Amino acid sequence: MWRGLILLLWALPAVAQDRAPVEARFQDWLEQVIWPQAQARGVDRQIYDAALGGVTLDWDVPSLILPDGFAPRNQSTKQAEFRGPARYFNTDNLIASTRIGRDKGRQLDAALTSIEGRFGVPRHILLAIWGRESGFGAVPIRDNPFPVLATRGFMGRNASYFTGEVVALLQIAQAGHVPLADLKSSWAGALGQPQFMPSSFLAYAADGDRDGRKDIWGSKVDTLASIASFLNTHDWDRNRGWGF
């Protein structure tokens, strides 16, 4: 046992040393690829530095294309959608979610009426999506999206897509809808209560409570309006039921 522990301890500095050149290339990539694109889209250097200063690679992100010499890692996903449907559609959970959704519908009746009139999407659809994505806002959203998305942009599959998402995220930070410290995501980089990727936020987020901000992190009304905006933009037909 002790021999194995000693060998492990000897190996740890080597792992850190092996990662150092990759981390250095990552910092060069941020400066040479991300910063020019962000600057071209109106992001101030101060915002860029506040968001990405000190950010390092997140080696625990799944679906990475690791540099030569790095051992393959467990690439399993945590997303419930990619597991067995019995767990995702657990009856007890659905019954509880339905009860909470009805309560939320009563509490937010005036806001939902306004959103329905504005976007044409019925409230039960909005409440169902909100409940599934973030438990009606009860699920903690704690992760910093910058290292997750930047890591995927630098050495992830579909890197060009995630590079664009990093730039979009910087645009969101620049707009100041929430303080930078509150701009949180899931472990996969999806933002706020409706779990929008940054490009989706830029395209579909809505100011439901008319306060001048699109706050899908703290505002229930903005969250519901943003979900409605997404569906409306994707040709939701208010004259048909949900199954079309």
Side-chain angles (χ1 to χ4, degrees), residues 77-143 145 149 161 165 168-169 172 175 177-178 182-244:
T77 179
K78 302 176 185 178
Q79 287 181 257
E81 294 90 340
F82 301 138
R83 297 182 180 182
R87 181 177 180 180
Y88 192 70
F89 294 106
N90 178 276
T91 300
D92 291 340
N93 289 344
L94 289 176
I95 291 172
S97 183
T98 300
R99 175 181 54 79
I100 296 170
R102 287 172 177 158
D103 290 342
K104 296 295 183 183
R106 286 189 288 269
Q107 296 167 17
L108 297 166
D109 177 67
L112 286 164
T113 298
S114 175
I115 292 168
E116 285 176 318
R118 179 178 173 187
F119 295 105
V121 182
R123 64 185 61 202
H124 63 275
I125 298 296
L126 304 177
L127 290 166
I129 294 173
W130 182 32
R132 177 51 65 185
E133 291 297 339
S134 63
F136 306 99
V139 175
I141 302 170
R142 300 191 179 102
D143 290 300
L149 294 176
Y161 167 77
E165 294 301 318
L169 187 60
I172 296 169
H177 296 289
V178 295
D182 295 335
L183 207 164
K184 298 297 185 181
S185 74
S186 71
W187 64 270
L191 304 176
Q193 296 184 40
Q195 292 289 274
F196 280 178
M197 294 303 289
S199 58
S200 293
F201 179 98
L202 294 179
Y204 312 117
D207 177 13
D209 54 18
R210 312 285 187 173
D211 68 349
R213 300 184 303 133
K214 299 173 183 177
D215 179 6
I216 62 171
W217 295 269
S219 170
K220 300 178 179 67
V221 180
D222 285 3
T223 295
L224 290 163
S226 297
I227 295 169
S229 171
F230 177 92
L231 293 174
N232 175 267
T233 305
H234 285 83
D235 299 323
W236 181 275
D237 187 342
R238 67 177 69 203
N239 296 315
R240 286 183 169 179
W242 68 268
F244 283 85

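Treat the numbers as computed from the prediction; the structure is a model and nothing was measured. Starting from 1, each residue takes its place in the sequence as its number.
Minimum interatomic distance between Ser226 and Ala205 (heavy atoms only, all atoms of both residues): OG-CA, 3.4 Å. The heavy-atom pair separating Pro198 from Glu165 by the smallest distance is CD-OE1, 2.9 Å. Of all heavy-atom pairs between Phe196 and Ile227, the closest is CZ-N, 4.3 Å. Minimum interatomic distance between Leu202 and Ala168 (heavy atoms only, all atoms of both residues): CD1-CB, 3.6 Å. Nearest approach of Val139 to Gly135, heavy atoms of both residues: CG2-N, 3.9 Å. When all heavy atoms of Ala190 and Met197 are compared, the pair lying nearest together is CA-SD, 4.0 Å.
Scanning for side chain to side chain donor-acceptor pair (under 3.5 Å) contacts around Thr223 gives an empty result, with sequence neighbours left out.
The side chain to side chain donor-acceptor pair (under 3.5 Å) pairs that include a residue from residues 103-115 are Asp103-Arg106, Asp109-Arg123, Thr113-Arg123, where partners are two or more places apart or lie in different chains.
If you take OG on Ser199 and OH on Tyr204, they are separated by 7.5 Å, rounding to the nearest 0.5 Å. To the nearest 0.5 Å, atom CD1 of residue Ile129 and atom CG of residue Leu224 are 10.0 Å apart. Remark: Leu231 CG to Phe119 CZ distance equals 10.5 Å, nearest 0.5 Å. In this structure, CG in Leu191 is found 7.5 Å from CG in Leu149, a value given to the nearest 0.5 Å. Atom NE2 of residue His177 and atom CG of residue Asp182 lie 14.0 Å apart, to the nearest 0.5 angstrom. Taking CG of Leu127 as the start and CZ of Arg132 as the end, the distance is 14.0 Å to the nearest 0.5 Å.
Distance alone, capped at 3.5 Å, places no donor-acceptor pair between the Asp92 side chain and the Ala96 backbone. For the pair Asp237 (side chain) and Asn239 (backbone), a donor-acceptor distance under 3.5 Å is present. Looking only at distances, no side-chain donor or acceptor of Asp209 sits under 3.5 Å from a matching main-chain atom of Val221. Checking side-chain atoms of Asp222 against main-chain N and O of Gly208 turns up a donor-acceptor pair under 3.5 Å.
At most 12 heavy atoms of other shown residues, nucleotides or ligands fall within 6.0 angstrom of atom CZ in Arg102.
Counting heavy atoms from C-beta outward, Trp217 and Ser134 have side chains that stay 4.5 Å or more apart. At a threshold of 4.5 Å between non-hydrogen side-chain atoms, the residues Pro194 and Glu133 do not count as touching.
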Exercise. Given side-chain contact (heavy atoms from CB on, under 4.5 Å), test Leu108 with Phe136 step by step and report yes or no.
Key: CA-CA 12 Å; Leu108 297 166; Phe136 306 99; over 6 Å; no
